[in-house]
Colleague: 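There's a structure below that I have some questions on.
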Amino acid sequence: MVRLGLCCLFIDQPIKFRTTTATYIGKLPRAQQLARLSALCLANARALFAAIIFCGANKIGCFRVNSRLWPLKTHPEAGYKIADLPEVKEIKAVLSQCRQKAAELDVRLTFHPDQFVLLSSPRADVVAGSVQELDYQAEVASMIGADVINIHAGGGYGDKAAALKRMGKVLRRLKIPVRSRLTIENDDRTYSPADLLPFCRANGIPMVYDAHHHRCLPDGLSVQQATAEAIQTWDREPLFHISSPRSGWGAKQPGWHHDYIDKKDFPVEWRSLDVTVEVEAKAKELAVLRLRKDLSVVTPFRRHKAI
DNA sequence: AGCGGTCAAGTTGAT
DNA sequence: ATCAACTTGACCGCT
């Protein structure tokens, strides 16, 4: 019943996503920059195709796509349009194959923009950069058929209600490809499910429920309550996150991720649900495969609702 | 081939 | 003040 998801990388499979640095790219003439970036984008498109094949063959029903699939896409100097890359046709063709293969194998695709994407920041430049990054990820998401772009609510800035209000105003200005995919996840420091659920309901944003973060930042809601309320915010298959603490729940840093998932950390309330659970564990595909074995959950042939 | 230094970005909490 | 974490170590340049 539960669809397990793999996050971004492999440790055992020879599937690698490549990247570069702005410092290195900045030393090249523009034509060489674009040639280099083009090669990376094409290599990453092919790696994504291989990742989808692997997931399909191993009954991993979801794959989270690396934010750097197109490296430096929104960088102020090195940034580029995909149409400017010499191999744009090949890149688009492979990504189209990714979409088709993911649909055929029922591998759900998601994005999780990194920590710099903050719609609640009081700084206009931070919000503008965040929107640019979301536009980029939505461009790729549209090409490959990904239905989720999941972010955190950001910092508290000493006044969480004001921060959420700022984010609410930004939401109304997002373009459809971003807005229709955007989800918000509870984090382990600032925003609990109780903080986010009213906001998500009011704004029609699905909430990604992370049970590990919820344990790190409790709010009076039980796992069962948070689960039920999170599901209510979704108009398609809900998305949850699971991870285990590196050094136990009593450690100073329970938020740090372990290599694998301790099956006791997987909420029993989730076992019979039709949901996607992304596995955040450093052992990557090995952790997903071990967790499925531990849970004796077989990913069924069940399609999620695409956008 | 191996290894050390470096990498765009924001915010938080530990040290 | 610095650092590590965050969805993730990868890459360049020197030896």
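So that the names make sense, note that chain A is the first sequence line, chain B the second, and so on, each numbered from 1. All values below come from the heavy atoms of this structure, side chains included, with hydrogens, waters and symmetry mates left out.
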Colleague: Rounded to the nearest angstrom, tell me the gap between atom CD1 in A:Ile242 and atom C1' in C:dT7.
Modeller: 15 Å
Colleague: Report which part of the nucleic acid A:Gly156 touches: base, sugar-phosphate, or nothing (heavy-atom distance under 4.0 Å, all strands).
Modeller: sugar-phosphate
Colleague: Going by heavy atoms closer than 4.0 Å, what residues in residues 113-133 of chain A are next to DNA chain C?
Modeller: A:Asp114, A:Gln115
Colleague: How far, in whole Å, is B:dT6 from C:dT2 if one measures between their P atoms?
Modeller: 16 Å
Colleague: Determine whether the side chains of A:Glu280 and A:His212 contain a donor N or O and an acceptor N or O closer than 3.5 Å.
Modeller: no
Colleague: Does atom CD of A:Gln224 have more than 12 heavy-atom neighbours from other groups under 6.0 Å away?
Modeller: no
Colleague: Measure the acute angle between the ring planes of A:Phe63 and A:Phe10, then classify it against the limits of 30° and 60° as parallel, tilted or perpendicular.
Modeller: parallel
Colleague: Between A:Arg236, A:Arg181, A:Arg99, which is the residue that forms a salt bridge (charged side-chain N to carboxylate O under 4.0 Å, His left out) with A:Asp147?
Modeller: A:Arg236
Colleague: May I ask you to check whether A:Glu185 and A:His112 show a side-chain donor-acceptor distance below 3.5 Å?
Modeller: yes
Colleague: With a non-hydrogen cut-off below 4.0 angstrom, is A:Arg18 in contact with a base, only sugar-phosphate, or nothing?
Modeller: sugar-phosphate
Colleague: Side chain of A:Glu280 only, please: which of C:dT7, C:dC6, B:dA8 is the nearest?
Modeller: C:dT7
Colleague: Could you work out the separation of B:dG10 and C:dG9 based on their P atoms and round it to a whole Å?
Modeller: 22 Å
Colleague: Of the listed nucleotides (C:dA5, B:dA8, C:dG9), which one gets closest to any side-chain atom of A:Leu72?
Modeller: B:dA8
Colleague: So, under a plain 3.5 Å distance rule, would you say the side chain of A:Arg189 forms a donor-acceptor pair with the base of B:dT11?
Modeller: no
Colleague: Considering only atom C1', compute the distance from B:dT11 to C:dA10 and round it to an integer number of Å.
Modeller: 24 Å
Colleague: How far does the C1' atom of B:dC7 sit from the matching atom of C:dA4, given to the nearest Å?
Modeller: 15 Å
Colleague: Please list, by residue number, the residues of residues 19-36 of chain A whose heavy atoms come closer than 4.0 Å to an atom of DNA chain B; answer none if no residue qualifies.
Modeller: A:Thr21, A:Ala22, A:Thr23
Colleague: Quickly work out the A:Phe17 CZ to C:dT7 C1' distance and round it to whole Å.
Modeller: 13 Å
Colleague: If you look only at pairs with a residue in residues 154-194 of chain A, which of them pass as a ring-ring contact (aromatic ring centres under 6.0 Å, His included), with sequence neighbours excluded?
Modeller: none
Colleague: Which ILVMFWY residues are connected to A:Tyr260, directly or by a chain of links, through side-chain heavy atoms under 4.5 Å apart?
Modeller: A:Ile11, A:Leu286
Colleague: Could A:Arg123 and A:Asp125 be called an ion pair, given the rule that one side-chain N must be under 4.0 Å from one carboxylate O?
Modeller: yes
Colleague: Please report the distance separating the P of C:dC12 from the corresponding atom of C:dT7, rounded so that it comes out in whole Å.
Modeller: 26 Å
Colleague: Grab the CG-P distance between A:Asp187 and C:dC6 for me, whole Å please.
Modeller: 13 Å
Colleague: Just call it for A:Tyr157: base, sugar-phosphate, or nothing, with non-hydrogen atoms closer than 4.0 Å on any strand.
Modeller: sugar-phosphate
Colleague: Reading DNA chain B 5' to 3', how would its secondary structure be written in dot-bracket notation, given Watson-Crick and G-U pairs with both distances under 3.5 Å, brackets [ ] for crossing pairs and | for partners on other strands?
Modeller: |||||||..||||||
Colleague: Any non-hydrogen side-chain atom of A:Arg201 less than 4.5 Å from a side-chain atom of A:Gln232?
Modeller: no
Colleague: How long is the line joining NE2 of A:His257 and C1' of C:dT8, in whole Å?
Modeller: 12 Å
Colleague: On DNA chain C, nearest-nucleotide positions of A:Cys7 versus A:Leu40: which is more 5'?
Modeller: A:Cys7
Colleague: When you check the gap from the basic side-chain N to the acidic O, do A:Glu139 and A:Lys175 get nearer than 4.0 Å?
Modeller: no
Colleague: Over all strands shown, is A:Lys16 touching base, sugar-phosphate only, or nothing at heavy-atom distances under 4.0 angstrom?
Modeller: nothing
Colleague: Suppose you measure atom C1' in C:dC6 against the same atom in B:dG2; what distance do you get, rounded to whole Å?
Modeller: 29 Å
Colleague: Just to be sure I understand the rule, does A:His241 reach a base, reach only the sugar-phosphate, or reach nothing, if contact means heavy atoms closer than 4.0 Å?
Modeller: nothing
Colleague: Give the rounded distance in Å between these two atoms: CG of A:Leu239 and C1' of C:dT7.
Modeller: 12 Å
Colleague: A:Phe63 has an atom CZ; how far is it from atom C1' of C:dT7, in whole Å?
Modeller: 11 Å
Colleague: Can you tell me the distance, in whole Å, between the NZ atom of A:Lys284 and the P atom of C:dA10?
Modeller: 11 Å
Colleague: Checking A:Trp270 now: which residues fulfil ring pair (Phe, Tyr, Trp, His ring centres under 6.0 Å) with it, not counting sequence neighbours?
Modeller: A:Tyr209, A:Phe240, A:Phe266
Colleague: Do A:Glu285 and A:Phe54 touch side chain to side chain, with heavy atoms closer than 4.5 Å?
Modeller: yes
Colleague: The test is side-chain hydrogen bond (donor to acceptor under 3.5 Å, both in side chains); show your working for A:Thr233 and A:Glu229 and say whether it passes.
Modeller: CA-CA 7 Å; A:Thr233 65; A:Glu229 294 194 34; over 6 Å; no
Colleague: Please state whether the phosphate of C:dC6, meaning OP1 or OP2, lies under 4.0 angstrom from any side-chain nitrogen or oxygen of A:His112.
Modeller: no
Colleague: Separation of A:His258 atom NE2 from C:dT8 atom C1', in whole Å?
Modeller: 17 Å
